Amino acid sequence: MVTTFKIAVLGAQGVGKSAIVRQFLYNEFSEVCAPTTARRVYLPAVVMNGHVHDLQIMDFPPIAAFPPGLIPVCTLQEWADVCCRGLRSVHAYILVYDICCFDSFEYIKTIRQQILETRVIGTSETPIIIVGNKRDLQRGRVIPRWNVSNLVKKTWKCGYIECSAKYNWHIVLLFSELLKSVGCARCKHVHTAIRFQGALRRNRCTIM
């Protein structure tokens with residue numbers, strides 16, 4: 001049985017969230033920074049530990065605020081704003097910041113808090129993974145790694161991974177850990193091996 005996992009990727013402008021997605025899907029990186037202005041939806045399939053999983057990866061442009069959680073307000077705002085469409089119905093969130101930019105960390109800090117505040121009481125928690133990108137620029141780090149990791153893991157109770165989209169470092173690890181966090185029973189407590197199911201599936205992208 002193939003299960004589809006919906007994933008939202010959020011972050012401030014210039015943090016490299018789109019570069020992370022493209023590195024994961026196509027093993028490519030561009031030095032040219034092209035700001036995300038519209039929601040991009042990718043529909044790859046991956047094989048993880050011998051089982052196929054369909055992914056719906058939604059790369060969102062920077063948003064001013066997370067859609068509110070009141071019904072029908074959330075429905076009206078989310079569907080009226082194309083950029084936010086589908087944001088509240090995902091299985092997991094990837095919040096990306098630039099380890100060399102303090103403001104980008106403050107941005108995901110705010111978005112995470114808004115996600116928590118808009119969750120419907122009684123529903124299961126949606127996993128959130130905090131990602132520190134641009135690890136290759138380690139010398140320009142503005143917040144010590146230990147401080148961020150300690151805050152995210154112990155206080156926020158979220159997953160934390162640092163990666164480099166430029167050098168494809170920890171990119172696959174990020175998505176394999178994500179699949180574990182969304183409750184993929186077959187992915188837990190075993191060594192994770194992940195690969196794509198067919199190159200054609202990697203190229204399925206819709207810009208909305």
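Because the structure is predicted, anything quoted here is derived from the model rather than measured.
Considering all non-hydrogen atoms of both residues, S104 and C101 come closest at OG-O, 2.7 Å. Taking each heavy atom of A8 and V90 in turn, the nearest pair found is CB-CG1, 3.9 Å. S89 and K6 get closest at one heavy-atom pair: O-CD, 3.9 Å. The two residues Q23 and A165 come nearest to each other via the heavy atoms NE2-O, 2.7 Å. Nearest approach of T4 to H91, heavy atoms of both residues: O-CE1, 3.5 Å. The two residues G14 and K134 make their nearest non-hydrogen contact at O-NZ, 2.8 Å.
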Take S18 and D59, measure what side-chain hydrogen bond (donor to acceptor under 3.5 Å, both in side chains) needs, and give me the verdict at the end. CA-CA 7 Å; S18 298; D59 179 12; 2.5 Å; yes
Can F66 and R88 be said to form a side-chain contact (heavy atoms from CB on, under 4.5 Å), step by step? CA-CA 9 Å; F66 196 81; R88 290 179 50 81; 3.8 Å; yes
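The salt bridge (charged side-chain N to carboxylate O under 4.0 Å, His left out) contacts involving residues 163-176 comprise E31-K166, where partners must be two or more places apart or lie in separate chains.
Taking 4.5 Å as the limit, every side-chain heavy atom of K17 sits out of range of all side-chain heavy atoms of N133. W156 places a side-chain heavy atom less than 4.5 Å from the side chain of K109. I20 places a side-chain heavy atom less than 4.5 Å from the side chain of V131. Side-chain contact between F29 and I171 is absent, with no heavy-atom pair separated by less than 4.5 Å. In this structure, L87 and I63 have side chains that are in contact, with non-hydrogen atoms separated by less than 4.5 Å. Considering only heavy atoms from C-beta on, F175 stays 4.5 Å or farther from V46 through its side chain. Side-chain contact check for P44 versus I57: some heavy-atom pair is nearer than 4.5 Å. You'll find the side chain of L178 reaches within 4.5 Å of the side chain of I7, heavy atoms only.
Between F105 and Y97, the ring-plane angle classifies as perpendicular under the 30° and 60° cut-offs.
Other residues, nucleotides and ligands place more than 12 heavy atoms under 6.0 Å from the CD atom of E106.
Rounded to the nearest 0.5 Å, atoms CG (L151) and CH2 (W146) are 10.0 Å apart. To the nearest 0.5 Å, atoms CD1 (I108) and CD1 (I130) are separated by 4.0 Å. Rounded to the nearest 0.5 angstrom, K180 NZ and I129 CD1 are separated by 10.0 Å. For the atom pair CG of N150 and NZ of K153, the computed distance is 9.5 Å after rounding to the nearest 0.5 Å. Atom-to-atom distance recorded for C100:SG and L137:CG is 4.5 Å, nearest 0.5 angstrom.
Both L10 and F102 are members of a single hydrophobic cluster when ILVMFWY side chains are connected at heavy-atom separations under 4.5 Å. Note: the hydrophobic cluster containing L95 also contains V142 (ILVMFWY, side chain heavy atoms under 4.5 Å, direct or indirect links). At a threshold of 4.5 Å between side-chain heavy atoms, the hydrophobic network of Ile, Leu, Val, Met, Phe, Trp and Tyr places I94 and Y26 in one connected group.
With sequence neighbours excluded, no residue forms a ring pair (Phe, Tyr, Trp, His ring centres under 6.0 Å) with W169. Residues passing the side-chain hydrogen bond (donor to acceptor under 3.5 Å, both in side chains) test with R22, sequence neighbours excluded: E28. D136 is linked by a side-chain hydrogen bond (donor to acceptor under 3.5 Å, both in side chains) to S164, counting only residues two or more places apart in sequence or in another chain. Scored by the side-chain hydrogen bond (donor to acceptor under 3.5 Å, both in side chains) test, Q113 finds E117 as partners (sequence neighbours excluded). Listed by chain and residue number, nothing satisfies the side-chain hydrogen bond (donor to acceptor under 3.5 Å, both in side chains) test with Y107 (two or more places apart in sequence, or in another chain).
Without hydrogens or angle criteria, E162 side chain to R135 main chain gives no donor-acceptor distance under 3.5 Å. Looking at Y42, its side chain never comes within 3.5 Å of a backbone N or O of L55 through a donor-acceptor pair. Judged purely by atom type and a 3.5 angstrom limit, S176 uses its side chain to pair as donor or acceptor with the backbone of V172.
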